[in-house]
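Please read the structure below before turning to the comments.
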Amino acid sequence: METNLLEKSIEYLLCHAGPVIQYRLRKDVLQNISQEQEEACLRTIEELPYFQLVKSYAKENGYIGSGMHSWSNWRGKILHETPLQDGENAARLLSYYRIPKAHPLVTNFVAAMRNDAVLEKEFSYIPPEIPRYQNRFIGLNNGNCLMAMMYAMQAMLGYGDDFDDLIAFQEICLKGFRRILEMDSLADITKTSTRAKQKYNYPYIEAHEYFPDVYTLAMLAYTQSWRSEENIRMLARAINRINTIMTDENNMHVRIAGKYYAPCFAFIRPFRAFHPNCIDSITYRRMLTEMAMLGVGQEVDVLRESAENILTAMDENGMLRMNFSVPHNPRYSPKKIEYPSAYTDVRLEEDYRQNRHGLNCDLTFWAVELLHLLGEMPRW
């Protein structure tokens with residue numbers, strides 16, 4: 001029954017999905033694409049408006065856009081005419097579109113991210129970016145600094161295993177997950193300031209403390225050098241441990257250079273398994289995919305439960321259905337995603353208005369990809 005249902009999912013996507021999903025489905029899931037077909041798919045993808053936008057934002061030095069996870073405007077001046085003019089968003093689009101690592105746009109961008117002279121110039125265009133660049137390594141152990149983002153984006157572009165600095169960062173990422181296994185609660189590693197006003201006196205960790213977040217997860221998801229049976233088992237235990245010891249009420253800041261920052265998606269709360277009646281957070285489905293990319297499979301409870309719920313939520317045509325009538329924050333809805341960013345799930349269909357199947361294709365491909373990563377897909 002499940003095999004027949006998933007065959008219908010594949011058939012639906014092949015009939016109705018746009019070029020990015022068609023390409024990724026054939027290359028990553030079905031693995032039945034010829035070199036000629038792959039080249040033809042990529043030529044079509046390169047004509048898409050969003051790819052053309054990213055291409056237009058590439059500079060002579062190879063860097064794309066302005067900043068990374070940076071200000072879109074500064075004192076009334078518009079810095080990003082679209083979100084894709086931010087370096088992180090541009091990198092995410094190239095990764096999600098699976099643009100090959102040998103593509104000049106990718107190779108030049110990665111080279112720019114590894115050139116200190118280029119980066120110093122790129123991160124001096126507004127005053128706040130200058131100290132951010134100067135402090136770019138502070139907070140690396142918990143993924144809360146500019147270089148953690150840079151390393152994660154390079155990994156997403158296919159360059160996470162070819163450079164000593166990035167291989168070293170993989171070990172840092174593993175230490176963050178190992179730290180979870182040493183804890184009984186978040187309070188084991190947090191401190192409170194005796195000088196801060198009560199309203200702002202959040203628990204915090206020091207910049208050197210190891211802790212996992214979305215960037216350290218992505219770094220491991222898109223790389224290979226760290227992979228061993230021991231490390232994969234450790235990650236499965238750590239993810240399950242997060243769901244055991246963390247609470248929805250947890251809060252935490254990171255103290256960096258004497259200032260307190262809200263960490264960017266540190267894993268201080270439980271992960272929620274996919275359910276069609278739940279629209280949980282900004283990166284709800286993306287994190288489940290990246291967990292599955294670790295190779296942890298059915299050993300992670302939220303992934304096993306998500307797979308079961310996906311199969312239940314598919315209709316008779318193999319489409320994944322979500323219940324958008326349940327109360328939820330509209331910002332978290334898959335319907336509201338337009339551009340890739342740190343603050344969204346993955347969307348591969350470019351225009352839901354022109355393709356009325358677009359949202360269903362995005363949700364269904366996500367489900368098919370996750371089941372494939374978990375070894376739940378039949379052999380075709």
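A quick note: this is a predicted structure, and the numbers were derived from the prediction, not measured.
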query = When you measure from the side chain of Trp226 to the backbone N and O of Thr223, does any donor-acceptor pair fall under 3.5 Å?
reply = yes
ask   = Thr344 side chain to Ser341 main-chain N or O, any donor-acceptor pair under 3.5 Å?
value = yes
task = Give the minimum heavy-atom separation between Lys59 and Ser66, together with the two atoms involved.
result = NZ-OG, 4.1 Å
query = Is any side-chain N of the basic residue among Asp184 and Arg241 closer than 4.0 Å to the acidic one's carboxylate O?
reply = yes
message = If you define the side chain from C-beta out and look only at heavy atoms, does anything of Phe137 sit under 4.5 Å from Leu146?
response = no
query = Less than 4.0 Å between a side-chain N and a carboxylate O, is that true for Glu369 and Arg24?
reply = yes
Other residues, nucleotides, ligands: >12 heavy atoms within 6.0 Å of Glu120 CD = no
query = Taking atom CD1 of Ile172 and atom CD1 of Ile167, what is their separation to the nearest 0.5 Å?
reply = 12.5 Å
ask   = Under 3.5 Å, is there a donor-acceptor pair between the side chain of Arg227 and the main chain of Leu294?
value = yes
key: Salt-bridge present (Arg269, Asp248; N to O < 4.0 Å)   = no
Side-chain donor-acceptor pair present, Arg178, Asn231, cut-off under 3.5 Å = yes
request  = Indicate whether the side chain of Glu305 and that of His275 have a donor and an acceptor atom separated by less than 3.5 Å.
outcome  = no
query = So, are Arg179 and Glu182 salt-bridged, with charged N and O less than 4.0 Å apart?
reply = yes
message = With a 6.0 Å cut-off (strictly less than), is the heavy-atom count around NZ of Lys101, excluding the residue itself, greater than 12?
response = yes
message = Testing the basics here: between Glu349 and Asp362, what is the closest heavy-atom pair and its distance to 0.1 Å?
response = N-OD2, 3.2 Å
message = Could you measure the distance from the CD atom of Glu60 to the CG atom of Asn108? Nearest 0.5 Å is fine.
response = 11.5 Å
ask   = For the residue pair Cys278 and Tyr284, what are the closest heavy atoms and their distance?
value = O-CE2, 3.2 Å
Tyr260 side chain near Val254 side chain, heavy-atom distance below 4.5 Å = no
message = Less than 6.0 angstrom separating the ring centers of Tyr57 and His80, yes or no?
response = no
request  = Using atom types as modelled and distance alone, determine if a side-chain donor or acceptor of Asn317 lies under 3.5 Å from a backbone N or O of Met319.
outcome  = no
task = Classify the ring geometry between Trp366 and Phe274 as parallel (under 30°), tilted (30 to 60°) or perpendicular (over 60°).
result = tilted
message = Closer than 3.5 angstrom, by distance alone: can the side chain of Ser306 be matched with the main-chain N or O of Val302 as a donor-acceptor pair?
response = yes
inquiry  = Please report the interatomic distance CG(Asn277) to CZ(Arg321), rounded to the nearest 0.5 Å.
reply    = 14.0 Å
query = Backbone N or O of Tyr210 within a donor-acceptor pair of the Asn142 side chain at under 3.5 Å?
reply = no
query = Are side-chain heavy atoms of Tyr332 and Asp280 found at a separation under 4.5 Å?
reply = no
remark   = Closest non-hydrogen atoms of Thr44 and Pro19, given as atom of the first, atom of the second and distance, are CG2-CB, 3.8 Å
query = For the side chain of Gln22 and the backbone of Leu13, is there at least one donor-acceptor N/O pair under 3.5 Å apart?
reply = yes
inquiry  = Please find the pair of heavy atoms, one from Gly176 and one from Pro212, that lie closest to each other, and give the distance.
reply    = O-CD, 3.3 Å
ask   = Between Asn135 (side chain) and Ile138 (backbone), is there a donor-acceptor pair under 3.5 Å?
value = no
message = Within the 4.5 Å heavy-atom criterion, are Glu350 and Asn355 side-chain neighbours or not?
response = no
task = Check whether the side chains of Asn250 and Thr247 place a donor and an acceptor atom closer than 3.5 Å, and report yes or no.
result = yes
task = Please determine, by modelled atom types, if Thr82 and Gln85 share a side-chain donor-acceptor pair under 3.5 angstrom.
result = no
ask   = Is it true that a side-chain atom of Asn73 and a backbone atom of Lys77 form a donor plus acceptor pair closer than 3.5 Å?
value = no
query = Is there side-chain contact between Asp345 and Pro334, with at least one heavy-atom pair below 4.5 Å?
reply = no
query = Do the non-hydrogen side-chain atoms of Lys191 and Glu206 ever get within less than 4.5 Å of each other?
reply = yes
request  = Salt-bridge test for Arg92 and Glu88: reply yes if a basic N is under 4.0 Å from a carboxylate O, no otherwise.
outcome  = yes
message = What I want to check is whether the side chains of Gln170 and Asp161 have a donor and an acceptor closer together than 3.5 Å.
response = yes
Audit row: Tyr339, Tyr50, ring-ring contact (aromatic ring centres under 6.0 Å, His included) steps and yes/no = CA-CA 9 Å; Tyr339 295 93; Tyr50 281 0; 4.9 Å; yes
message = Could you check whether any side-chain heavy atom of Tyr202 comes within less than 4.5 Å of a side-chain heavy atom of Thr192, counting everything from C-beta outward?
response = no
inquiry  = Membership question, hydrophobic clusters at under 4.5 Å side-chain separation (ILVMFWY): are Met68 and Tyr96 in the same one?
reply    = yes
task = Count the heavy atoms belonging to other residues, nucleotides or ligands that lie under 6.0 Å from CD of Gln52, then report whether that count exceeds 12.
result = yes
ask   = Angle class for the Phe109/Tyr63 ring planes (parallel below 30°, perpendicular above 60°, tilted otherwise)?
value = perpendicular
query = So does Glu129 pair up with Arg132, basic N to acidic O under 4.0 Å?
reply = yes
message = Quick check: do Ser70 and Leu79 have side-chain heavy atoms less than 4.5 Å from each other?
response = no
task = Report, as yes or no, whether the 6.0 Å neighbourhood of atom CZ on Arg272 holds more than 12 heavy atoms from other residues, nucleotides or ligands.
result = no
query = Do the rings of Tyr12 and His16 sit parallel, tilted or perpendicular, given the 30° and 60° boundaries?
reply = tilted
ask   = Going by an N to O cut-off under 4.0 Å, is there a salt bridge joining Glu299 and Arg233?
value = no
Ring center gap for Tyr215 and Phe265 short of 6.0 angstrom = no
note = In terms of heavy-atom contacts, Ile268 and Met252 come closest through CG2-CE, 3.8 Å
Residue pair Glu38 / Tyr23, side-chain donor-acceptor N/O under 3.5 Å = yes
query = For Arg114 and Gln154, does a side-chain donor sit closer than 3.5 Å to a side-chain acceptor?
reply = yes
inquiry  = Could you check whether atom CD of Glu209 has more than 12 heavy atoms from other residues, nucleotides or ligands sitting under 6.0 Å from it?
reply    = yes
task = Assess the side chains of Asn61 and Glu122: does a donor N or O sit below 3.5 Å from an acceptor N or O?
result = yes
query = Would you say Thr364's side chain and Cys361's backbone share a donor-acceptor pair under 3.5 angstrom?
reply = no
task = Give a yes/no verdict on a cation-pi contact between Lys335 and Tyr352, requiring under 6.0 Å between NZ or CZ and the six-membered ring centre and an angle within 45° of the axis.
result = no
